[in-house]
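Everything below concerns the one structure shown next.
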There are 2 protein chains.
Amino acid sequence: MGTTKSQIFTNRQNRLAHILKVLGHPARIAILEYIGEINGCICTDLITEIGLAQATISQHLKELKSIGLIKGSIEGKKVCYCIDTIRWHEVQGEINPFFSKINSCYSAC
Amino acid sequence: MGTTKSQIFTNRQNRLAHILKVLGHPARIAILEYIGEINGCICTDLITEIGLAQATISQHLKELKSIGLIKGSIEGKKVCYCIDTIRWHEVQGEINPFFSKINSCYSAC
DNA sequence: TTTTAACATTGTAATATTACGATGTTATTT
DNA sequence: AAATAACATCGTAATATTACAATGTTAAAA
């Protein structure tokens, strides 16, 4: 008990849910928005900007990387993170059909 | 420790994250898609369709109701659930600006 | 070469989530 | 009125998440 029963859902449903779950945390929303505004930033900036411990920011960045939404390039002893726009479009390609499907519904009750 | 530090984020970021978090579970994706396809359904249908225990389905429905995405109307001893289209559009109104913002980024690294 | 700065990783406590059996509630059926 | 059907809620075990201190790791600076 306690674990999501992934086997009973389709791969598409599991992928989509995983993406939305990763996006479903205010720190990760804030990270994506900040990286977006600055068009790439370094991790130290995020720590001061967001106000969470360095280990926590690093953990959130790891989850965003797990679905490929951001990528980091090493610049000396710093790491520059930015949105992976190609991957972001793929992600949109997973989300949009779902949203469209719900959009086409009418309230039957 | 262990709790999300909501105070350090904006209300908008917290609301958006909460919506995406609720959407970020395959069972809730499946529920929304099924309700959408059938244009309203009853809870018993969901139990047989999805394959989770009645209590679990009820719990997921409660979370979807918590953000107003679905509404249920009592029909005798059954409850008919359907998408709340007005609320869905509001939800889209929270999500779309965020997606647009990320869309307008370029990969700086 | 030692120090320092910028992360990543590990370990762990607090809390949240997921799933389900058991039980409650309410309305139809018998 | 008693039985049943369709949920909702409660209680709880298993697991996942969140956050941070402590500890690596790596590269520039001193």
Side-chain angles (χ1 to χ4, degrees), chain A residues 1-9 13-14 17-31 34-35 40-67 70-82 109, chain B residues 1-9 13-14 17-31 34-35 40-67 70-82 109:
Chain A
M1 253 193 292
T3 323
T4 298
K5 285 188 156 180
S6 305
Q7 344 77 261
I8 66 175
F9 305 105
Q13 287 171 330
N14 284 316
H18 184 231
I19 289 167
L20 293 170
K21 188 179 184 178
V22 169
L23 293 175
H25 191 286
R28 294 191 287 266
I29 297 276
I31 287 173
Y34 187 70
I35 292 180
C41 67
I42 55 172
C43 192
T44 323
D45 293 343
L46 284 171
I47 295 160
T48 52
E49 174 70 18
I50 311 235
L52 287 169
Q54 183 260 320
T56 309
I57 295 289
S58 206
Q59 193 172 288
H60 284 304
L61 287 169
K62 195 177 180 182
E63 291 197 63
L64 288 168
K65 274 187 283 184
S66 82
I67 54 170
I70 59 170
K71 54 181 180 178
S73 66
I74 297 168
E75 294 188 356
K77 57 186 170 185
K78 298 187 177 187
V79 179
C80 175
Y81 283 104
C82 69
C109 56
Chain B
M1 252 191 293
T3 322
T4 298
K5 285 188 156 181
S6 305
Q7 344 77 263
I8 66 175
F9 305 105
Q13 288 171 329
N14 284 316
H18 184 233
I19 289 167
L20 293 169
K21 187 179 187 179
V22 169
L23 292 176
H25 191 287
R28 293 191 286 266
I29 297 276
I31 287 172
Y34 187 69
I35 291 180
C41 67
I42 55 173
C43 191
T44 324
D45 293 346
L46 284 171
I47 295 161
T48 53
E49 175 70 17
I50 310 235
L52 287 168
Q54 183 261 320
T56 309
I57 295 289
S58 206
Q59 194 171 287
H60 284 304
L61 287 170
K62 195 177 179 182
E63 291 199 62
L64 288 168
K65 274 188 283 183
S66 82
I67 53 170
I70 58 170
K71 54 181 178 177
S73 65
I74 298 168
E75 295 188 354
K77 58 186 170 187
K78 298 186 174 184
V79 178
C80 175
Y81 282 104
C82 69
C109 56

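Letters A, B, ... are given to chains in the order of the sequence lines, protein chains preceding strands, and every chain is numbered from 1.
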To the nearest Å, give me how far apart CG (B:L52) and P (D:dC7) are.
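Result: 16 Å.
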
To the nearest Å, how far apart are A:I8 CD1 and C:dA19 C1'?
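Going from A:I8 (CD1) to C:dA19 (C1'), I get 10 Å.
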
The side chain of [X] lies closest to which of these nucleotides: [options]?
X	options	value
A:K5	D:dA8, C:dT10, C:dA19	C:dA19
A:L61	D:dC7, C:dA8, C:dT9	C:dA8
A:K65	C:dT9, C:dA8, C:dA19	C:dA8
B:H25	D:dA27, C:dT18, C:dT10	C:dT18
B:T4	D:dT18, C:dT18, D:dA8	D:dT18
B:S58	D:dT9, C:dC20, D:dC20	D:dT9
B:I42	D:dC7, C:dT17, C:dA5	D:dC7
B:K77	D:dC7, C:dA27, C:dT9	C:dA27

Side-chain N or O of [X] less than 4.0 angstrom from OP1 or OP2 on [N]?
X	N	value
B:H60	C:dT17	no
B:Y81	D:dA8	yes
A:K21	D:dT17	yes

Starting from the 5' end of DNA chain D, give me the residue, A:T3 or A:G76, whose nearest nucleotide shows up first.
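So the residue in question is A:T3.
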
Upstream residue (5' side of DNA chain D) when B:C43 and A:A53 are each assigned their closest nucleotide
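Whichever sits nearer the 5' end wins; that is B:C43.
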
Using only modelled atom types and a 3.5 angstrom limit, is any donor from either the side chain of B:Q59 or the base of D:dA8 paired with an acceptor on the other?
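Per atom types, no contact qualifies.
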
Looking at C:dA6, does its base get a donor-acceptor pair with the side chain of A:Q54 below 3.5 Å?
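Absent.
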
Hey, is CD1 on B:I74 packed in by over 12 heavy atoms from elsewhere, all under 6.0 Å?
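Not more than 12 within 6.0 Å, no.
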
Heavy-atom side-chain contact between B:H60 and B:I50 under 4.5 Å:
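No; the side chains remain at least 4.5 Å from each other.
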
